[in-house]
Amino acid sequence: MREDLIVQEVATRDGFQIEPVFVETAEKIRLIDALAAAGFSRIEVSSFVSPKAVPALRDAAEVFAGITRRPGTVYVALVPNPKGAERALAAKVDEINLVASVSETHNRANMGMTPAASIEGFARIMETVRGSGLSVNATVATAFGCPFEGDQPADTVLAQVEQYLALGVDGVTLADTTGMANPRQVARLVARVLPSVGAAGLTLHFHNTRGLGLANVLAAHTAGARRFDAALGGLGGCPFAPGATGNICTEDLVSMAHEMGLATGLDLAALIDLSRDLPRLVGHDVPGQVAKAGRPCDLHPAPPLKAA
């Protein structure tokens with residue numbers, strides 16, 4: 001089946017990492033297997049970071065050991081350093097994701113170092129995984145703006161993309177970490193990055209902090225991008241970004257794409273069912289809208305006629 005818009009699921013990593021309630025390992029495994037069955041070609045499962053830093057993901061190895069690997073699905077882990085890369089290799093991860101902010105202030109808050117130091121560390125990670133067959137994606141965080149510094153020059157973003165490519169990564173993500181992007185800005189930056197990365201290698205990661213997430217997807221798609229991260233139920237947020245809210249919502253994005261005649265290869269009805277179960281897992285309502293309102297094709301019976 002052709003896919004006009006490719007959705008990559010990040011709820012069990014980017015979504016669960018910020019939740020104050022620990023989602024049990026068995027529940028994570030059940031959800032990941034259900035997401036794979038719904039048709040995702042790529043799922044960001046967890047992160048091999050220090051359990052002290054992100055206790056919600058302290059069971060990353062157990063989750064990877066427990067999932068049922070679906071042929072055609074790439075199982076991804078975020079990795080911050082060579083030690084994390086070694087743990088990812090031991091867990092038989094398919095792909096690792098490296099993250100550095102283009103904003104120095106945000107990278108210091110998030111990673112405790114400058115962006116240049118992060119990229120130096122990525123070179124050591126590349127040495128750790130060389131020859132393993134592991135795929136590597138690298139993310140430019142705060143690519144569309146930093147909550148501390150404001151706008152980030154496109155030339156600086158492009159320079160970081162080129163540094164990633166020089167390391168030999170397989171793909172690059174541009175992340176609107178704090179939901180500061182607007183559609184025209186997105187279209188301009190995608191147009192500049194695509195010649196270097198290509199549509200198959202470029203992912204866009206949007207947050208819906210200011211309500212522009214899906215509008216930014218459309219702008220990026222019109223500019224030639226095809227891959228987008230999203231989180232079931234709209235879960236997620238950056239713990240080091242004041243005011244940041246969740247990722248764009250998977251089922252809302254898939255619903256929009258299907259209404260526009262864009263194929264995703266995903267089972268929307270199954271995603272809605274999974275999203276409606278999220279409040280049980282995280283202990284609160286989630287921001288996704290389609291799971292509440294239903295699909296546009298889910299019609300209601302007509303009200304009874306009023307007596308004349």
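Bear in mind that the values here come from a model prediction, so they are computed numbers and not experimental data.
The backbone N or O of Val45 sits less than 3.5 Å from a side-chain atom of Thr12, completing a donor-acceptor pair. The closest donor-acceptor contact from the side chain of Ser132 to the backbone of Val129 lies under 3.5 Å. Of the possible polar contacts, none joining the Ser275 side chain to the Leu271 backbone as a donor-acceptor pair under 3.5 Å is found. Judged purely by atom type and a 3.5 angstrom limit, Ser101 has no side-chain atom pairing as donor or acceptor with the backbone of Ser103. In this structure, the side chain of Arg58 engages the main chain of Pro55 through a donor-acceptor pair within 3.5 Å. A donor-acceptor distance shorter than 3.5 angstrom exists from the side chain of Arg226 to the backbone of His221, with no hydrogens or angles considered. No side-chain donor-acceptor contact under 3.5 Å links Glu251 to the backbone of Gly288. Remark: side-chain polar atoms of Gln185 are paired, donor with acceptor, to backbone N or O of Asn182 under 3.5 angstrom. A donor-acceptor contact shorter than 3.5 Å links the side chain of Asn216 to the backbone of Leu212. With hydrogens and angles disregarded, no donor-acceptor distance shorter than 3.5 Å links the side chain of Asp277 to the backbone of Leu274.
With respect to Glu127 and Arg130, a salt bridge is recorded, a charged nitrogen being found less than 4.0 Å from a carboxylate O. The existence of a salt bridge linking Lys292 and Asp285 is confirmed by a sub-4.0 Å separation between a basic side-chain nitrogen and an acidic carboxylate oxygen. Comment: Arg30 engages Glu27 in a salt bridge, judged by a side-chain N to carboxylate O separation of less than 4.0 angstrom. A salt bridge is absent between Arg70 and Asp33: the closest approach of a Lys/Arg side-chain nitrogen to an acidic carboxylate oxygen does not fall below 4.0 angstrom. Salt bridge annotation for Asp59-Lys28: present, with a cationic side-chain nitrogen under 4.0 angstrom from a carboxylate oxygen.
Looking only at atom types and distance, the side chain of Glu19 has a donor-acceptor partner in the side chain of His284 under 3.5 Å away. Using modelled atom types, one finds no donor on one side chain facing an acceptor on the other under 3.5 Å when comparing Thr114 with Glu104. Side-chain N/O atoms of Asn137 and Thr173 include a donor and acceptor closer than 3.5 Å. A donor-acceptor pair shorter than 3.5 Å can be found between the side chains of Thr139 and Asn97. At a cut-off of 3.5 Å, with distance as the only test, no side-chain donor of Thr142 or Gln152 sits close to an acceptor on the other residue. For the 3.5 Å distance criterion, the side chains of Thr25 and Glu62 fail to qualify, holding no donor opposite an acceptor.
Residue Met113 comes nearest to Asn107 through the heavy atom pair O-ND2, 3.0 Å, listed as atom of the first residue, atom of the second, then distance. Pairing each heavy atom of Val169 with each of Ala138, the nearest pair is CG1-CB, 4.0 Å. Here the shortest heavy-atom pairing between Leu158 and Val193 reads CD2-CG2, 3.8 Å. Shortest non-hydrogen contact noted between Ala100 and Gln160 is O-NE2, 3.0 Å. The two residues Ala220 and Leu204 have their closest heavy-atom pair at CB-CG, 4.0 Å.
Geometrically, Arg42 does not engage Tyr75 in a cation-pi contact defined by less than 6.0 Å to the ring centre and at most 45° from the axis.
Put simply, the residue from Thr73, Thr250, Asn247 that forms a side chain to side chain donor-acceptor pair (under 3.5 Å) with Glu9 is Thr250.
Relative ring orientation between Phe206 and Phe144 is described as tilted, the plane-to-plane angle lying within the 30° to 60° band.
Taking the centre of each ring, Phe48 and Phe64 come in below the 6.0 Å mark.
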Ile272 and Val290: side chain to side chain contact (heavy atoms under 4.5 Å, CB included), yes or no, with the steps? CA-CA 7 Å; Ile272 290 172; Val290 171; 3.7 Å; yes

Using side-chain hydrogen bond (donor to acceptor under 3.5 Å, both in side chains), reason through Ser196 and Glu162 one step at a time and then give a plain yes or no. CA-CA 8 Å; Ser196 297; Glu162 294 299 332; 2.8 Å; yes

Could you walk me through whether Arg192 and Asp155 pass the salt bridge (Lys or Arg N to Asp or Glu O under 4.0 Å) test, one step at a time? CA-CA 9 Å; Arg192 291 196 62 183; Asp155 286 347; 2.8 Å; yes

Could you walk me through whether Leu165 and Val161 pass the side chain to side chain contact (heavy atoms under 4.5 Å, CB included) check? CA-CA 6 Å; Leu165 295 175; Val161 169; 4.1 Å; yes

Evaluate His207 against Thr178 for side-chain hydrogen bond (donor to acceptor under 3.5 Å, both in side chains), listing each step before the verdict. CA-CA 6 Å; His207 285 243; Thr178 63; over 6 Å; no

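Here the side chains of Cys249 and Pro287 are not in contact, with every heavy-atom distance at 4.5 Å or above. Contact annotation: the side chain of Arg210 approaches that of Met180 to within less than 4.5 Å [non-hydrogen atoms, C-beta and beyond].
Around CZ of Arg184, the count of heavy atoms belonging to other residues, nucleotides or ligands within 6.0 Å does not exceed 12. The local environment of CD in Glu149 is crowded, with over 12 non-hydrogen atoms from other residues, nucleotides or ligands closer than 6.0 Å.
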